[in-house]
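Throughout, protein chains are lettered first and strands after them, A, B, ... in sequence-line order, and every chain is numbered starting at 1. What you see is a predicted model, and the numbers here were worked out from it, not measured in a lab.
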Number of protein chains: 2
Amino acid sequence: MRQRPSVTDVASVAGVSVGTVSNVLNRPDRVSGPTRARVEKAIADLGFVPSASARQLRAGVAQSVGAIVLDLANPFFTSVMRGIEDRLAEESLALMVSSTDDDPARETHFLRMYEQHEVRGILVTPVGTDHSELAAVRDRGTRVVLMDSDGDSAFPGVSVDDAHGGHLAVAHLLDLGRRRITFLNGPSTIRQCLDRLTGARRAVVDAGLNPDEVLTERVLPALNADAGEAAAHALLALPRSERPDAVFCVNDLVALGVLRTLLRAGVEVPQRIPVVGYDDIGFASMLMVPLTTIRQPTHQIGWSAADLLLRPQPESLAQVRFSPELVVRASSVAAG
Amino acid sequence: MRQRPSVTDVASVAGVSVGTVSNVLNRPDRVSGPTRARVEKAIADLGFVPSASARQLRAGVAQSVGAIVLDLANPFFTSVMRGIEDRLAEESLALMVSSTDDDPARETHFLRMYEQHEVRGILVTPVGTDHSELAAVRDRGTRVVLMDSDGDSAFPGVSVDDAHGGHLAVAHLLDLGRRRITFLNGPSTIRQCLDRLTGARRAVVDAGLNPDEVLTERVLPALNADAGEAAAHALLALPRSERPDAVFCVNDLVALGVLRTLLRAGVEVPQRIPVVGYDDIGFASMLMVPLTTIRQPTHQIGWSAADLLLRPQPESLAQVRFSPELVVRASSVAAG
DNA sequence: TTGAAAGCGCTAACAT
DNA sequence: ATGTTAGCGCTTTCAA
C-alpha cells in the first residue's frame, strides 16, 4: 500500500504550489478556473484526502466535538445523541461519544481524552454534583456544555423543567377526579425526583386541595419495572380504604411494572386506577394498555446543547430550559 | 485565556529539553527518577495536556476509530456501540459515531469524514449491498470492518447466523408439539429474513416433517408492532381449521403486536398459541407475557468488530460468526 | 493569481 | 540519561 498522498503530491502533479492547493481546498474563489480544474483533477487522480490532524494543528480549529453521557444504551441518551448528531451534521463535525456508567473516574478519563483531541467542546451529562473537574477542563480552554443539568450552574447547558412535569401528571389525575394519588418516586437526592415531587404537590395546592391528604409519596429502592411491580403489590395489599385511586410513576419502567401487576390482579386500568409514567420511552405506546406519560424533548435537548456549544453566545452561561409535555393514552383515559 | 502550554513550555519550566518531556510522556522508563519528577511537576503546574493531532501527525498513529451504523437510536445498534466502546476503552481510543438512516449518500459522507480524521479504522453496517465506496476507502489505506454483514464479503467482519436463529425458533415450537406454524417474516430481499426462513424450513425437515404443510410464511409490509397487530387480526379471522397453533415473528416488535392482539382477543398465550420473537430487545422480558425470543449477541458483535480492527489478523479478511440463542419465556412455555 | 517559506506541537533518530 | 534537530501535512502571511 502506497503512502497517502499529501498536498505536496497534489501540487507537483498539478504543477502548482502547495499554497494553491490549499486555496483550492479552502478558498476556491481565490483560484483561477483553469488552475482550479487542474488541481481538482490531480486530487481526484491521486485519491487525495486532506489530513484533519494536520489541518487542526496548523489552523487551530477542531473538526470534532465530544459527548459524555451516563449510558449510551439508555434510550433517553440515545435520542439525545441523535439530536447532537443532527446539529453537528450541519457543520460536518465528527462526534465522539462515551458512556461513564455513573463512574466519576471514567468521566474524568473521557474529559481528558477529549481535551487531548482539542475538540471544539464537550457536551456532558455529569455523573455527580461535584463539577470541579469540569471546571478545570473549562478553565484550560475547552468549552463545556451541560445536558439535563439543574439549570442553575456555572456552565452553559440545557435542562428540562421537572417540576412542571410533575405538575402536569398530577394535574391530569386531579382533572380525572382522583383524590388519593400515590407517587412512586426515587430518592430526593436525585434532583429530578425532588423537582417532580415539588411540582406534583404544587398541582394539588393549585387545585385548592391539601397535598398531605391527596398525594402520598412512596420512595422506591430502584427505578425499574421490578421495583414498580413490588410497589404495586404493596399497594394492592393495603386495606381497601387506604388504596390509591391513581398512580403516578417517576418513570415509564416503574409504570410498566405497575401496569403489569394491576392488570394481572384484574384491576381495571384506567377505570379503577389510572397510571401515569414519565419519559415516553418508545414502548410506552405499545403496551397492552398504552401508557399516559410525560414526554421529554430528548432530541431537542441534544440539538440545543450542540447549538449552545457551536453558536457564539452573547453571554457564555446561556441556559436553555425545556418544558415536558403530557401525552394522554389509554392508561389514564379509556379509549374513545 | 492564556494559550495552551506545549511541550516546549513544559521543558523550559522543568529545565529540560523537549525530547525529555516527550520521553516522560511516552517512555518514562528512559528518564531518571528526579528528572521525571521535575517534568511531571511542570506538567501539573502548567496544566499541560498533550495535543492528539500533533502526536498523530508526527507519530502517524491515530487515537480514534469511526463507527457508522444505520441508526444510533435503534437498541440493537446501541448495544453494539457499547461493545465497541468497551473494546476501545482498553486502548484509550476515542470513538466517533454516526447514523446513516439508510442513506448511501450519508454513508459516503461519513466514510470520507473518518478518512480525513485518519482513524485507525472504520466499523460499518453498510446501507446497501454495493460496497464499492467501502472498497475505495479501504484501497486508500483505511481499515474497514463490517458489522452484521452477510459473512461472505471482501471485507473482514462479524455476522450472526440467522439461519440458525430461524432453526432454533421453529425447532422449539415443534418440540412443543405444534404442527401449524405461521412465520411472520419480512421480504426475502432482506438477507436476514431470507436466512431465517431457510433455517425455519430446515428445522421442519430435520424433524422429519413436510415444511409446506407445517410452516406458512406471511410477508409483512413493515416490521413493527402495528404490522404484527394487523397480521394477528388476519390470523384470527381465518376459519378455525386454518388457524395456526403457533406464531414465529421475524422480530420482537412484530411479536409485541401479535401478543397484544391475541391477549385482547382472549386467546391464551402460550396455551392456545405460543409466540416466539427475534432479537431479545430490552422490553421482551417485561411484557405482560414475557416473550420467548432469539437473542443476538449484540454487545459481542461490537466488541469483536472492534477487536478485528485493532488486533493484527493473520489473514486480513477474518470473519467472526456468532450463533444466536433461544431464550425461553412465558409466551411459549407456561410459567412453572 | 500564484509561489515561497515559516511554523503549528510533537516524536524519534541521532548525538553527546 | 539527556539534548538537538528534522519533519509529519497543512495553512497562512508575505512577496512577486
S.K.: Do you see a donor-acceptor pair shorter than 3.5 Å between the side chains of A:Thr100 and A:Glu107?
M.R.: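 The answer is no; no qualifying pair exists.
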S.K.: Rounded to whole Å, please give me the gap between CZ in B:Arg30 and P in D:dT2.
M.R.: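 It is 13 Å, rounded to the nearest whole Å.
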S.K.: When you measure from the side chain of B:Arg36 to the backbone N and O of B:Pro28, does any donor-acceptor pair fall under 3.5 Å?
M.R.: yes
S.K.: Tell me, please, the opening and closing nucleotides of DNA chain C, 5' to 3', among those with an atom under 4.0 angstrom from a non-hydrogen atom of chain A.
M.R.: C:dT1 to C:dG9
S.K.: Is B:Arg82 salt-bridged to A:Asp101, cutoff N-O under 4.0 Å?
M.R.: yes
S.K.: Does anything in residues 297-308 of chain B form a salt bridge (Lys or Arg N to Asp or Glu O under 4.0 Å)? List the pairs, not counting sequence neighbours.
M.R.: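 As it turns out, the salt bridge (Lys or Arg N to Asp or Glu O under 4.0 Å) pairs with a partner in residues 297-308 of chain B, which skip direct neighbours, are B:Arg87-B:Asp307, B:Asp307-B:Arg311.
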S.K.: Hey, what bend do you get for the helix from C:dT1-D:dA16 to C:dT16-D:dA1 if you fit axes on five pairs at each end, rounded to 10°?
M.R.: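 End axes: 30° apart.
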S.K.: For the CG atom of B:Leu95 and the CE atom of A:Met113, what is their distance to the nearest 0.5 Å?
M.R.: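 CE of A:Met113 is found 8.0 Å from CG of B:Leu95.
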S.K.: Answer yes or no: is there a side-chain heavy-atom contact under 4.5 Å between B:Glu85 and B:Met81?
M.R.: no
S.K.: Would you say the side-chain atoms of B:Tyr114 and B:Ser98 include a donor-acceptor pair closer than 3.5 Å?
M.R.: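 Their side chains do contain a donor-acceptor pair, which is all the 3.5 Å distance test asks for.
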S.K.: Can you name the residues that form a salt bridge (charged side-chain N to carboxylate O under 4.0 Å, His left out) with A:Asp86, not counting sequence neighbours?
M.R.: none
S.K.: What string of B, S and - do you get for nucleotides 8-16 of chain D, 5' to 3', if B is base contact, S is sugar-phosphate-only contact and - is no contact with any protein heavy atom under 4.0 Å?
M.R.: BBBBB----
S.K.: Mind listing the closest non-hydrogen atom pair of B:Arg55 and B:Gln63 along with its distance?
M.R.: CD-NE2, 4.3 Å
S.K.: Sequence neighbours left out, what pairs pass salt bridge (Lys or Arg N to Asp or Glu O under 4.0 Å) with at least one residue falling in residues 8-31 of chain B?
M.R.: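 Listed once each, the pairs would be none.
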